[in-house]
2 protein chains.
Amino acid sequence: MTTLGYALLGLLAREPLSGYALTSQLKGRIGPFWSTTHSQVYPELSRLENGGLVAHRVVEQSDRPDKKVYSITAEGLKALKEWVTSPVEPRTTRDELVLRAHNAWVADPLEAAIFFREQERLHEERLSDYEIKREWMKREWGEDIRRADSSLFGNYAALRRGIIHERGYVEWCRWVADSLEHGTGGEAASEVDR
Amino acid sequence: MTTLGYALLGLLAREPLSGYALTSQLKGRIGPFWSTTHSQVYPELSRLENGGLVAHRVVEQSDRPDKKVYSITAEGLKALKEWVTSPVEPRTTRDELVLRAHNAWVADPLEAAIFFREQERLHEERLSDYEIKREWMKREWGEDIRRADSSLFGNYAALRRGIIHERGYVEWCRWVADSLEHGTGGEAASEVDR
DNA sequence: TAACCCATGTAAACGGTTACATGATTTC
DNA sequence: GAAATCATGTAACCGTTTACATGGGTTA
């Protein structure tokens with residue numbers, strides 16, 4: 001089983017969906033922590049169905065193309081449940097920006113500073129988008145976001161990760177940009193550092 | 001050009017290295033933000049050499065196998081320099097733990113809490129390793145880690161990213177575990193939340 | 001003597017992205 | 001009239017991981 005398979009099972013555990021709808025959800029919902037395209041989803045659904053983890057029925061529509069609506073099976077739910085707490089093999093987090101910072105010393109420092117300042121702004125923007133979404137969740141979903149047995153808690157937890165991630169990213173970009181601006185000579189460094 | 005290509009150029013901009021040595025460095029140094037294996041490095045070095053970005057000379061050794069030591073060319077340094085501040089196309093950060101949290105509601109809450117508590121401990125451990133390395137860098141490299149034109153600044157910046165990343169990760173894991181422990185019923189939630 | 005380090009390569013498999021393919025309806 | 005949305009699929013390509021392949025020297 002691939003991780004994408006579990007991502008799909010997770011969405012189907014919430015509600016039955018078509019391949020198209022699953023693809024749409026994996027573009028914004030779990031958001032920047034997993035994504036895919038329809039060309040990966042359709043074959044994966046076939047594999048899940050062959051394994052007995054999902055099942056589909058055809059829903060005929062008059063105004064739109066017919067669709068296959070997939071549901072999770074009891075077996076699928078069991079597999080998902082077991083996966084959640086199963087041992088993790090460590091995967092490398094690839095981050096191109098870290099590589100760029102790693103080699104910023106070969107570039108023009110002020111040009112590099114502008115680059116990281118721009119990245120800071122970009123992540124700040126994403127952070128505030130997330131903060132807005134968080135307020136929306138609190139308002140709209142209330143106490144359910146704290147209930148460990150509610151799927152809304154899952155959504156909230158993913159968003160919280162996004163917020164914490166972006167906060168850290170903004171902090172780091174700012175520090176890199178500051179360092180590149182002030183650390184061009186050999187003079188005493190200010191304590192931006194924590 | 002692939003990102004791995006630039007990662008290799010970045011290491012060769014610091015010092016000439018063999019394919020084997022490059023592979024070793026990409027297992028610990030830039031650490032958890034990029035990694036590779038020798039089976040990817042050797043072909044990539046050939047490609048870089050065909051493009052005129054690196055060059056090698058054979059160093060004969062008596063006690064060990066002969067090796068090809070690669071150096072970056074002027075053209076390679078130029079390419080690296082330009083890449084550092086070139087526009088980034090956004091890439092999805094894939095994080096399996098976020099997916100697990102997203103689906104934690106289908107699992108047994110207390111079992112899931114144990115799982116995330118264990119992850120918290122794991123990342124705390126990694127964090128303190130990084131903190132120790134940071135103190136080492138400050139002691140050993142001194143003010144050079146703040147000089148924008150020093151390769152040591154690049155190393156320090158990558159480590160700083162690691163520290164900030166792990167801090168956030170610990171915070172999030174703790175929050176998830178706390179929520180899973182206390183949010184099993186419908187009772188009023190404590191303010192772990194920030 | 002078994003495991004590990006040095007050293008370099010190729011081949012197969014896998015997961016993910018991009019492109020190809022089709023086609024109706026709805027919105028701007 | 002053009003673009004976007006709904007809807008499902010296949011094919012090609014690319015980057016990464018795992019396995020295959022070889023072989024001498026050192027350490028436990």
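Just so it is clear: chains get the letters A, B, ... in the order the sequence lines come, proteins before strands, and each one is counted from 1.
Atom CD of B:E96 and atom C1' of C:dG16 are 16 Å apart (whole Å). When rounded to the nearest whole Å, the span between CD of B:Q40 and P of C:dT10 equals 14 Å. In this structure, NE2 of B:H38 is placed 12 Å from C1' of C:dC6, rounded to the nearest angstrom. If you take CD of B:E44 and C1' of C:dG9, they are 15 Å apart, rounded to a whole angstrom. Here C:dT17 presents its P atom at 16 Å from OH of A:Y42, a figure rounded to the nearest Å. As rounded to whole Å, 21 Å separates atom P of C:dC5 from atom CG of B:D66. If you measure from atom CZ of B:F33 to atom P of D:dT16, you get 17 Å, rounded to the nearest angstrom. Between the CG atom of B:L45 and the C1' atom of D:dG15 there is a distance of 16 Å, given to the nearest Å.
Summarising the hydrophobic clusters (Ile, Leu, Val, Met, Phe, Trp, Tyr; side-chain heavy atoms under 4.5 Å, direct or chained), the residues clustered with A:L122 are none.
Summary of the strand contacts: A:M1 and B:A21 both lie near DNA chain C, and taking for each the nucleotide with the nearest heavy atom, the more 5' one is attributed to B:A21. Sequence order on DNA chain C of the closest nucleotides to A:T2 and A:R64 puts A:T2 first from the 5' end. A residue-by-residue look at B:D63 and B:R91 shows that B:R91 has its nearest nucleotide of DNA chain D further toward the 5' end.
Among pairs with a residue in residues 63-80 of chain A, none fulfils side chain to side chain donor-acceptor pair (under 3.5 Å), at least two apart in sequence or across chains.
Residue B:L4 has its side chain nearest to D:dT16 when only D:dT16, C:dT17, D:dC6 are considered.
Between B:R47 and the phosphate of D:dC14, there is no side-chain N or O to OP1/OP2 separation shorter than 4.0 Å. A close approach under 4.0 Å does not occur between any side-chain nitrogen or oxygen of B:Y20 and OP1 or OP2 of C:dT8.
Taking the ring centroids of B:H165 and B:F33, they lie under the 6.0 Å cut-off. Ring to ring, A:Y156 and B:W175 are close: their centroids are under 6.0 angstrom apart.
Side chain A:S39 to base C:dT18: a donor-acceptor pair is found below 3.5 Å.
Screening B:L152, B:N155, B:D149 for a side-chain contact (heavy atoms from CB on, under 4.5 Å) involving B:D144 leaves a single residue, B:L152.
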